[in-house]
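Because the structure is predicted, anything quoted here is derived from the model rather than measured.
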Amino acid sequence: MDKSRFSLLLLEPGEIYFEDFSCTLIPPDATRKTCDVKKQEGRLKMCSKSLVFEPKDLTKPLIKMLLRDCIVIEEYKGCAKFIDTDNALTINCREYIEMLEGNVIAPYKFKETANFLYLLDYADVSNCLSMISQLHRASTIPTAEQSNMITAIVHSRHARVKFDPLWLDLYDKIILETHADKVCPLNITPGRCVLSKLCLFFQSYNNIDTYPVMKIPLKSIKRIVKRRFLLQHIGIEIYSSDNKCANSHIYLSFSSQGERDQLYEKLLEQPELTLNNLEQNVITLQWQNGVISNYEYLLYVNSLGDRTENDLTQYPVFPWIISNYTSDTLDLTDIQNYRDLSKPVGALNPKRLTNLLARYNEMAPPKFIYGSHYSTPGFVLYYLARQYPHYVLCMQGGRFDHPDRMFNSVADAYKNCFNNMSDFKELIPEFYDTSQEAKFLRNSLGINFGVRHNNVKVGDVELPPWAENSTQFVNTLRTALETDIVSSNLHHWIDLIFGYKQKGAEALKANNVFYHLCYEGNVNLETIDDPNDRHALEVQIMEFGQIPKQVFTVPHPQRKRGLPILPEIYQTGESEPLLNDRWQSVIGLELVTSFNTHKNTVSHLFINEDCKKITSVGYDSKLKVFSLTQNKQIRSAIIGNMPLSSCVQLPDSNVLVIGSWDNQMLLYDMDYGRIWRDVMAHEDSITCISYGIKLNLLLTGSGDCSVKIWRGVSGAKDDIIVECLYKHLDHNSAVSCLCFDPDNSRFAVGTVDGEIYIWKTCDFTIDKKYTNFTSRINTLVYSPDGQKLAVGTDNGIFCILEVTTGMSMFKKTLQSGVNSLKWQGNLLAIGCGNGVLSVWDMLTVRILLEVQAHSGAIHTVDISTDSRILATGSQDKSIKVWRAKYEESDIKS
């Protein structure tokens with residue numbers, strides 16, 4: 001045939017297609033005289049619940065015979081003279097279905113009793129009849145038992161199918177071979193999944209696909225995602241960079257989680273595989289920084305929540321954003337035109353919510369507020385009926401919905417979601433996807449959906465008055481989605497759908513409780529032995545919606561306001577680009593100079609504000625100052641006889657505050673070159689110091705498990721009173737590091753036991769405490785905007801905490817302990833215990849470069865205020881100064 005019209009969407013959802021046979025159909029009304037005219041050449045498709053005849057003539061309808069409606073299926077024993085073969089199959093059915101007559105998508109035609117005769121061209125009728133009879137018997141038993149019988153037939157039949165090793169390359173080798181189903185919207189294709197050293201293969205057990213075997217080279221696979229299927233952890237979705245037809249993407253489900261996990265683990269073991277590891281916390285940080293749009297972030301969060309376009313039961317869900325669909329104009333700066341994103345759809349109307357809660361309070365457990373979901377296959381196809389009418393026909397048994405119940409008007413749809421006691425649906429990505437030309441809103445295929453009660457034929461979706469056309473409507477919604485009003489509130493909606501308000505006590509507080517079977521963990525299909533109970537639950541899961549997998553367990557951080565996406569940030573039109581942006585094209589680090597006059601570990605250093613000097617202290621009890629302009633040491637002083645741990649310079653004076661292992665806080669007068677004052681500050685060594693310039697407070701941390709706060713430490717030298725102890729704060733273990741946030745409203749303290757305390761300076765109470773680190777906290781630093789806290793631990797954890805919510809937004813395990821951090825603008829420098837220095841761009845959350853800077857552990861790192869140079873101090877006793885190295889063309893430009 002030139003073109004096949006048959007597809008799995010012509011079958012019942014989930015029905016399995018086995019194989020087909022070349023044949024000639026003799027229609028029921030054929031006679032000896034008319035047989036040659038009326039007979040139709042084509043193929044008879046054998047499926048798990050039906051037989052479908054596809055005629056070669058594209059103007060003729062496909063004929064579908066449900067096995068449950070077949071009265072007789074047997075080998076033809078007649079003696080009609082115009083039939084010259086005894087290799088024929090006769091089927092008598094009480095009802096049959098005609099589809100795609102004239103190759104037009106339209107509701108199916110249901111016909112009454114008929115007797116069909118199929119003359120098989122090549123297949124032996126007795127062999128065909130054996131399989132068809134088994135399926136026919138299965139159609140006569142209850143649905144759940146029928147499903148089990150069909151599954152047994154499928155396994156028995158497919159166990160005999162072998163993978164042809166000729167598909168392998170010459171030196172390739174099979175690693176794993178297992179059964180799997182390829183999942184597409186409303187249908188599945190059973191097959192064999194084969195993993196080799198070089199490729200992943202899927203061999204379908206039928207000939208529905210263009211190619212008998214799908215071959216995906218492992219080197220082209222860029223992303224692998226574990227998925228749920230029917231609330232079971234048995235799915236896996238694989239994305240490839242190979243954009244050739246279907247080879248770029250496949251969604252598979254397995255009979256058990258163990259089989260799925262085995263394939264996943266074997267895939268990760270293959271050397272050919274190189275994934276683009278888009279870590280969840282990296283994307284969240286990029287979104288918060290404005291690198292990616294709200295639309296892109298919602299797509300990504302949907303993927304994390306197991307929402308995929310390949311499964312209508314878990315289709316991506318997007319929020320209603322705009323609430324005004326009746327005005328002639330729409331002001332996107334007016335918050336009154338926006339939906340309240342902190343509430344679920346069902347709670348937007350206070351009067352309706354009151355009635356729903358009254359019903360909830362009278363209900364016996366398990367209780368629910370909303371009896372229907374915000375996303376189901378039916379709701380998805382409600383929106384997409386014009387673009388995918390064949391999906392609707394598949395799901396609704398060959399019929400379209402009543403014309404008055406279709407998605408006819410945007411305003412009516414929102415009004416219904418706002419008022420109706422059983423309509424709480426959200427939107428789908430197509431409402432905000434400007435690349436799809438708003439196809440789902442137009443009846444471009446000219447489908448006859450019927451006539452509404454007002455005698456108006458169903459056509460395009462009626463748009464709000466403020467939208468000139470469907471394209472402008474979608475563009476406006478997309479613009480609204482990216483506004484500051486939405487950006488500053490979108491995290492609330494994420495909390496409801498994907499986050500901590502999704503279930504439990506927080507969901508109840510937020511009036512966000514759905515029917516209990518919608519939630520993962522409330523039912524385990526694998527433990528249900530009764531086939532009828534299992535089937536009933538599967539139907540409910542399929543039809544009534546699934547809560548996404550919970551992605552976030554703590555409040556989601558808010559996005560910064562007023563942020564354009566990345567391309568605009570780097571095209572400011574200024575003659576001189578931002579200094580940090582120069583690092584975007586860096587190709588390495590260039591050593592400017594090094595100083596080797598310390599006799600022991602360099603414990604702390606800082607680059608002076610004028611970027612002309614470096615001040616350092618070390619375990620050799622020495623304070624040193626180096627001139628970068630003269631490239632030499634200009635001062636060296638012995639400070640006591642114990643190691644020095646830290647050093648800060650007080651503003652408006654030439655005084656350094658130095659922490660020592662002899663428990664003392666020392667004030668060193670740079671003008672006179674002497675220790676001007678000393679204070680026995682702690683009962684154990686001072687490990688860290690931080691100065692808060694806005695509040696004029698000095699923090700000291702010690703091995704005695706305490707932090708002390710000192711005030712009156714700035715101004716003229718004679719006015720500095722370091723003895724003025726303001727507060728004493730005890731901790732559970734020795735303090736290893738501390739730092740103020742930029743506003744001095746809080747300060748963070750890290751301990752050797754892996755605890756982090758966030759203290760408020762307004763009343764010196766604990767704001768938050770983190771105890772989920774398993775080793776010593778070596779270093780802490782706030783981001784320049786104060787919204788994030790970078791943490792480095794002794795066992796190599798590099799972590800970014802969101803200050804407001806406490807959410808871990810980024811976490812990476814490095815090869816060695818993280819000893820020192822410095823955050824300047826978008827740059828973050830990390831010094832590690834193995835001597836490696838790395839520089840990160842924290843706007844896009846990517847590593848810019850990594851160098852082996854020292855032979856010993858890096859204990860301290862700093863970035864100059866102009867971001868031109870970095871300085872590192874190490875256990876190898878050296879101080880090194882670095883600057884970015886660029887391509888020659890970048891230097892000239």
Side-chain angles (χ1 to χ4, degrees), residues 601-607 616-619 643-648 659 685-692 699-703 707 731 733-742 746-759 769-784 786 788-801 803 808-824 827-840 842 847 850 853-854 856-863 870-875 879:
T601 297
V602 180
S603 56
H604 187 81
L605 62 75
F606 63 86
I607 304 172
S616 67
V617 293
Y619 288 176
L644 307 177
S645 60
S646 53
C647 176
V648 299
S685 59
I686 295 177
T687 56
C688 45
I689 296 176
S690 181
Y691 178 70
L699 304 176
T700 56
S702 169
V707 169
H731 297 74
S733 56
V735 174
S736 51
C737 53
L738 49 74
C739 65
F740 272 111
D741 71 0
R746 288 171 175 78
F747 60 89
V749 177
T751 71
V752 297
D753 282 352
E755 296 178 325
I756 298 176
Y757 299 78
I758 308 297
W759 294 86
K769 183 180 177 181
Y770 305 98
T771 59
N772 53 337
F773 293 94
T774 57
S775 73
R776 170 191 172 106
I777 308 297
N778 283 337
T779 178
L780 297 164
V781 63
Y782 277 95
S783 61
K788 293 175 278 291
L789 178 70
V791 181
T793 71
D794 204 43
N795 62 349
I797 299 296
F798 166 45
C799 177
I800 305 293
L801 300 176
V803 171
S808 176
M809 300 186 68
F810 178 80
K811 189 175 183 181
K812 188 175 182 66
T813 302
L814 305 183
Q815 293 181 349
S816 181
V818 179
N819 292 341
S820 183
L821 297 167
K822 175 65 177 184
W823 202 329
Q824 175 78 28
L827 293 182
L828 179 69
I830 304 176
C832 292
N834 57 359
V836 171
L837 170 67
S838 58
V839 181
W840 290 66
M842 295 310 296
I847 189 167
E850 190 173 57
H854 290 268
I858 298 176
H859 278 260
T860 176
V861 61
D862 196 17
I863 304 174
L870 286 80
T872 53
S874 170
Q875 188 181 22
I879 293 172

| Between T860 and T872, does a side chain to side chain contact (heavy atoms under 4.5 Å, CB included) hold up when you go through it step by step? | CA-CA 6 Å; T860 176; T872 53; over 6 Å; no
| query | Between S733 and T751, is a side-chain hydrogen bond (donor to acceptor under 3.5 Å, both in side chains) present by the stated rule, with each step listed? | reply | CA-CA 6 Å; S733 56; T751 71; 3.2 Å; yes
| Approximate separation, where rounding is to 0.5 Å, of S645 OG and I689 CD1 | 6.0 Å
| task | Mind checking the CG-OG spacing from D794 to S816? Nearest 0.5 Å is all I need. | result | 8.5 Å
| said: Once rounded to the nearest 0.5 Å, what's the spacing between atom OG of S646 and atom CZ of F606? | reply: 11.0 Å
| request: State, with a plain yes or no, whether a side-chain heavy atom of I847 is found less than 4.5 Å away from one of V839. | output: no
| said: Closer than 4.0 angstrom, basic N to acidic O: yes or no for D862 and K822? | reply: yes
| query | Are side-chain heavy atoms of I858 and N834 found at a separation under 4.5 Å? | reply | no
| task | For residues W823 and W840, determine if any side-chain heavy atom of one lies less than 4.5 Å from a side-chain heavy atom of the other. | result | no
| Qualifying residue, where the test is side-chain contact (heavy atoms from CB on, under 4.5 Å) with L789 and the options are I800, I758, V781 | I758
| message | Is there a side-chain contact between I830 and V861 in this structure, where contact means two heavy atoms from C-beta onward sitting under 4.5 Å apart? | response | no
| query | Is the side chain of S783 donor-acceptor paired with the backbone N or O of K788 at a distance under 3.5 Å, no angle test? | reply | yes
| Is L821 close to L780 at the side-chain level, that is, under 4.5 Å between some pair of heavy atoms? | no
| field | Spacing of OG belonging to S736 relative to CZ belonging to R776, to within rounding of 0.5 Å | value | 5.0 Å
| Roughly how far, to the nearest 0.5 Å, is OG1 of T813 from CG of N795? | 7.0 Å
| request: In sequence, state the C-alpha distance, the side-chain angles, and the governing distance for F798 and V791, and then conclude on side chain to side chain contact (heavy atoms under 4.5 Å, CB included). | output: CA-CA 6 Å; F798 166 45; V791 181; over 6 Å; no
| query | Got F773 and C799 here, is their nearest side-chain heavy-atom distance under 4.5 Å? | reply | yes
| said: How long is the straight-line distance from CZ of R746 back to CZ of F740, given to the nearest 0.5 Å? | reply: 13.0 Å
